[in-house]
Number of protein chains: 4
Amino acid sequence: MNPEPTEPKVERSFDLERLVFFSDAVFAIAITLMAIELRPPTGLEPNTSAQLLRELLADWSHFFAFGLSFWIIAVYWVAHHRLFRYIIRCDEGLIWRNMVLLFFVALVPFTTLMMGEDGDLAAAVVIYASSITLLGLSGAWLWHHASKGHRLTLPDLEPVLIRRILYRSLATPIAGVIVILLAPFLGSVATLGFLLAFVFQRLLYHAYSIPGPP
Amino acid sequence: MNPEPTEPKVERSFDLERLVFFSDAVFAIAITLMAIELRPPTGLEPNTSAQLLRELLADWSHFFAFGLSFWIIAVYWVAHHRLFRYIIRCDEGLIWRNMVLLFFVALVPFTTLMMGEDGDLAAAVVIYASSITLLGLSGAWLWHHASKGHRLTLPDLEPVLIRRILYRSLATPIAGVIVILLAPFLGSVATLGFLLAFVFQRLLYHAYSIPGPP
Amino acid sequence: MNPEPTEPKVERSFDLERLVFFSDAVFAIAITLMAIELRPPTGLEPNTSAQLLRELLADWSHFFAFGLSFWIIAVYWVAHHRLFRYIIRCDEGLIWRNMVLLFFVALVPFTTLMMGEDGDLAAAVVIYASSITLLGLSGAWLWHHASKGHRLTLPDLEPVLIRRILYRSLATPIAGVIVILLAPFLGSVATLGFLLAFVFQRLLYHAYSIPGPP
Amino acid sequence: MNPEPTEPKVERSFDLERLVFFSDAVFAIAITLMAIELRPPTGLEPNTSAQLLRELLADWSHFFAFGLSFWIIAVYWVAHHRLFRYIIRCDEGLIWRNMVLLFFVALVPFTTLMMGEDGDLAAAVVIYASSITLLGLSGAWLWHHASKGHRLTLPDLEPVLIRRILYRSLATPIAGVIVILLAPFLGSVATLGFLLAFVFQRLLYHAYSIPGPP
C-alpha cells in the first residue's frame with residue numbers, strides 16, 4: 001500500500017473535530033446496521049446441521065446485504081478519512097455537504113438489502129447504483145467546497161493533489177451512471193460496471209497529467 | 001452561507017468534551033434510526049420492476065419518516081454545534097438541560113413516522129409539532145442557562161450575539177405553537193406554519209435592533 | 001444545583017479517554033434503544049384523532065419504558081461523568097469493573113420494558129429493582145477500586161470527598177434491596193422504595209460526619 | 001491484575017485517533033446489539049410471577065446470546081485497547097486490517113445467538129468457533145502489520161513484548177481450530193476447547209523463552 005503524503009502537523013478546531021466524530025458515529029451505525037438483521041432461521045427448529053445450513057443459505061440475501069454494505073461503507077469511511085486529513089477548518093458549507101454525504105451513507109444498508117432480495121429487477125439495480133453514485137458525488141462536492149482555496153492548509157497542499165483527490169472521488173459516480181444506464185438491459189450484471197471506476201481514475205489522471213500512484 | 005464569528009481559541013474542559021461527544025452519539029443514533037425501518041417489500045416476491053416500485057411507493061411513510069427525521073435532527077445537530085462553539089465550561093445545570101434536549105431528539109423519529117402514517121389526523125400533527133417545539137424550547141433553555149453570564153467566554157461574547165442566538169432558538173418553537181393551534185383545522189397542511197419561523201426570526205431581530213445577518 | 005469542586009487540571013492518558021468514550025457510546029445506545037420500539041399503532045388505520053390517541057394509550061408500556069429507561073440511564077451517565085472527573089489513570093481493574101457497569105446499563109431498557117408490560121407481577125419488579133441495584137453496586141465497586149489510593153489525583157482528592165462519592169453510589173442499591181424485599185407484598189408500589197435512597201444518603205453522611213451539601 | 005508496562009507518553013496523529021474512536025463506536029454497537037433482542041414474553045399476558053419466569057426461561061437463548069456476545073466483545077475490545085497502547089501511527093494497511101477485525105466483531109452477536117438457539121448442531125458450533133477464530137486471527141494480523149518495525153514507538157517497544165502480544169493474539173485462534181475439529185463429535189461441548197487458549201499461551205511463552213507474567 002502506498003504511504004500517503006506526510007500528514008500536516010496542524011491543530012484542528014473543536015468544531016471540525018466534533019463534525020468528524022459525529023460522522024464517524026453515523027458511519028459506524030450504518031456499517032453495523034445489517035448485522036441486526038442476521039438471525040438464525042426461525043420457524044421449525046432445524047434438527048440437523050445440514051438442515052441449518054440449508055435454511056441459512058435460503059436467507060442468503062441478509063448475509064449478502066451485511067457483507068456488501070459493510071465493505072461499501074468501509075470504503076467510503078476510508079475515503080472520508082482521507083479527505084479529512086487535509087481539512088483543518090470548518091464552515092456551514094462543509095457541515096451541510098457532509099450531512100448530505102451521511103444521508104446517502106445511511107441509505108446504503110437498505111439499497112444493498114434490496115439488491116440481495118430483488119437484484120434481478122432493474123429497478124433494484126438502478127436504486128442501488130444511484131445511492132452509490134449520489135454518495136460518491138456528495139463526497140466530491142464536499143471536497144470541492146473544502147479545497148476551493150480556503151479550507152485546507154495553505155500552500156502546503158499542492159493543486160495536483162487536490163485534483164487527484166477530486167478525480168478519485170468522481171471515478172465511481174461516473175461508473176455508477178453507466179451501471180444505471182445498463183441496468184434495464186443487464187440486470188444485476190450491470191453492477192460489474194463499477195469496476196470501470198478504476199479505468200476512469202486512470203483516464204482522468206492521464207488526461208490531466210497527474211503523476212504518481214493513485 | 002455566512003461565516004460565523006471567529007471561534008474563540010480556548011481550551012474546553014474534559015467534562016464538557018465528554019458531554020458534547022455523548023450528545024453527538026445520541027444525535028447520530030437518532031438520525032440513523034429510521035434507516036433501520038427501511039425494508040424492501042416483504043410478502044410476495046415482486047416479479048417486475050414496476051411491481052417493485054409500486055410496493056416501495058405503498059411503503060412511502062417509512063421513507064418519508066427517514067428523510068424528514070434525518071433532516072430535522074441534522075438541523076438541530078447543527079444548532080447544537082453552533083451553541084457549543086461558545087460554551088467552554090460545564091455544570092450540572094447544563095448537563096440536565098442537555099439531557100432534556102436529547103430526550104426530545106430521541107422522540108423525533110417516532111413523531112415523524114406517525115406523521116407519515118397518520119398525518120391526516122390532527123392528533124398526529126399536534127404530537128409532531130409538539131415534539132419539534134419542545135426540542136427547540138429545550139435548546140433555548142440550555143442556551144439561556146449557559147449564557148447567563150457564567151458559562152461562556154467572558155467579555156468576548158457580545159450580548160448582541162447572545163440575544164441573537166436566543167431568538168434564533170425561539171423562532172421555531174413560536175411557529176410550532178401556531179402549527180399546534182391550526183392543526184385541528186388544517187390537518188397536515190398546518191405544518192407549513194413552521195415556515196413562519198423565518199418570519200419570526202426577522203421580527204425578533206428587528207424589534208430588538210440586532211444588526212447583521214441571521 | 002451545587003457547583004462541584006474545581007476539576008483538577010490534569011492530563012488524562014489516551015487509554016482512559018478511550019475507555020470513557022467507549023462507555024459514552026454504550027450509554028448513548030442504551031439510552032436511545034427504547035426509541036426504536038416506539039411505533040405508531042399498526043393494524044387498522046385509525047380514522048380519527050380520538051382513535052389514534054386511544055391506540056397510542058393502549059401501547060403505553062413502550063412509551064413508559066422509553067421515558068423511564070431514558071432518565072434512569074441519564075442519571076447513571078451523570079454519575080459516571082462525575083466519577084470520572086476525578087479518575088485520571090486507567091488499569092485493567094478499572095476497565096473490567098467498567099465493563100460490568102456497562103453490562104447492567106445495557107440491561108436497563110429490557111427491565112424497564114418488562115415493568116411497563118408486567119409491572120403488577122412481583123417477578124418483574126424484582127428483576128427491575130435488581131438491575132438498578134446491581135448497576136449502582138458496580139458503580140460503587142468501580143469507584144472503590146479507582147479511589148483506593150492509586151487511580152485519582154494524589155493528595156488533591158480529600159478522603160472526605162472519596163467517602164461522599166462512595167456513599168452516594170451505595171444509597172440507591174441499599175434502597176433497591178428494600179424494594180426487592182417488598183416486591184412480593186406491594187407489587188409495583190414497592191418501587192417507591194427507591195425514594196428512600198435520598199434518606200440513606202443523608203443518614204450515611206450524618207453517621208460518617210460528612211459536611212457540606214450532597 | 002498485572003500492571004501493564006508504562007504507557008509511552010507520545011502524541012498520536014489525528015488519523016489514528018479517528019480510526020480508534022470509529023472502532024470503539026462499532027464495538028459499542030455490537031456489544032449492545034443483542035440487548036435490542038431482549039423482550040418480555042409476548043403472546044398471552046402472564047398472570048403470575050411464576051408464569052412470567054417460565055416464559056422468560058423459555059426465551060433463554062436471547063439472554064444467553066446477549067450475555068455471551070457482550071463478554072466476548074468486551075474481551076476483544078480490551079485486547080484492541082491493549083494493542084493500540086503501542087500503536088502511534090496509522091497507514092492504509094492498518095486501516096484495512098482493522099476493518100477486517102471490525103467485520104468479525106459485527107458478526108459475533110449473530111453467531112452467539114445461533115449457538116443459543118441451535119448449539120446442539122455441529123454447524124452452529126463450527127460457525128461460532130470460526131467467527132471467534134477469524135476475529136482473533138485478524139487481531140494478530142493487525143498487530144503483525146503494526147509491529148513490523150514501522151508503526152510502533154521506536155526502540156522503546158522491546159521485541160519480547162511484541163512477540164508476547166502476538167502469541168497472546170494467536171492462542172485463542174489456535175484453540176478455535178481445535179474446537180472446529182471437535183465440533184462434529186462433541187457438539188456444543190467442543191467449545192470447552194477454548195479453555196485450551198490459556199494452555200497454548202503458556203506453551204508459546206515457554207517455547208520462545210518469554211519471561212514475565214502474561
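Basis for what follows: all heavy atoms, side chains included, without hydrogens, waters or symmetry-related copies. A, B, ... follow the sequence lines: proteins, then strands. Residue 1 opens every chain.
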Residues of residues 123-136 of chain B contacting chain C, heavy-atom criterion under 4.5 Å, by residue number: Ala123(B), Ala124(B), Ile127(B)

Donor-acceptor contact below 3.5 Å, side chain Trp143(C) vs main chain Ile162(C): yes

Side-chain heavy-atom pair Asp91(C), His145(C) within 4.5 angstrom cut-off: yes

Heavy-atom contact with chain C under 4.5 Å, split by part of Leu113(B): both

Top contributor to chain C contacts, counting heavy-atom pairs under 4.5 Å, from Pro184(B), Ala106(B), Gly116(B), Ser23(B): Ala106(B)

Choice from Ile31(C), Leu38(C), Ile36(C) maximising heavy atom contacts with chain B below 4.5 Å: Leu38(C)

Portion of Leu56(C) that has a non-hydrogen atom of chain B nearer than 4.5 angstrom: side chain

Intermediate values then yes/no, ring-ring contact (aromatic ring centres under 6.0 Å, His included), Phe22(B) and Phe27(C): CA-CA 8 Å; Phe22(B) 174 74; Phe27(C) 270 100; 7.1 Å; no

Residue Phe103(B) versus chain C: region with a heavy atom under 4.5 Å: both

Part of Val100(B) within contact of chain C (heavy atom distance under 4.5 Å): both

4.5 Å side-chain heavy-atom contact, Arg82(C) and Glu92(B): yes

Backbone of Asp15(B) reached by a side-chain donor or acceptor of His81(C) within 3.5 Å: yes

Any donor-acceptor N/O pair, Thr32(B) side chain to Ala35(B) backbone, under 3.5 Å: no

pair Phe84(C)-Asp24(C): side-chain heavy atoms closer than 4.5 Å: no

Shortest non-hydrogen contact from Ala122(B) toward Ala183(B): CB-O, 3.7 Å

Sub-4.5 Å side-chain heavy-atom contact between Ser13(C) and Arg89(C): no

Residues of residues 64-80 of chain B near chain C, each having a heavy atom less than 4.5 Å away: none

4.5 Å side-chain heavy-atom contact, Phe110(C) and Leu33(C): no

Flag, side chain of Ser169(B) to backbone of Gly139(B), donor-acceptor distance under 3.5 Å: no

Engaged part of Ala30(B) at the chain C interface, taking heavy atoms whose separation is under 4.5 Å: neither

Note, Leu142(B) side chain near Ile87(B) side chain (heavy atom, < 4.5 Å): yes

Asp59(B) side chain reached by Arg39(B) side chain, heavy atoms, under 4.5 Å: no

Heavy-atom pair count under 4.5 Å with chain B, highest-scoring of Asn47(C), Val20(C), Leu53(C): Val20(C)

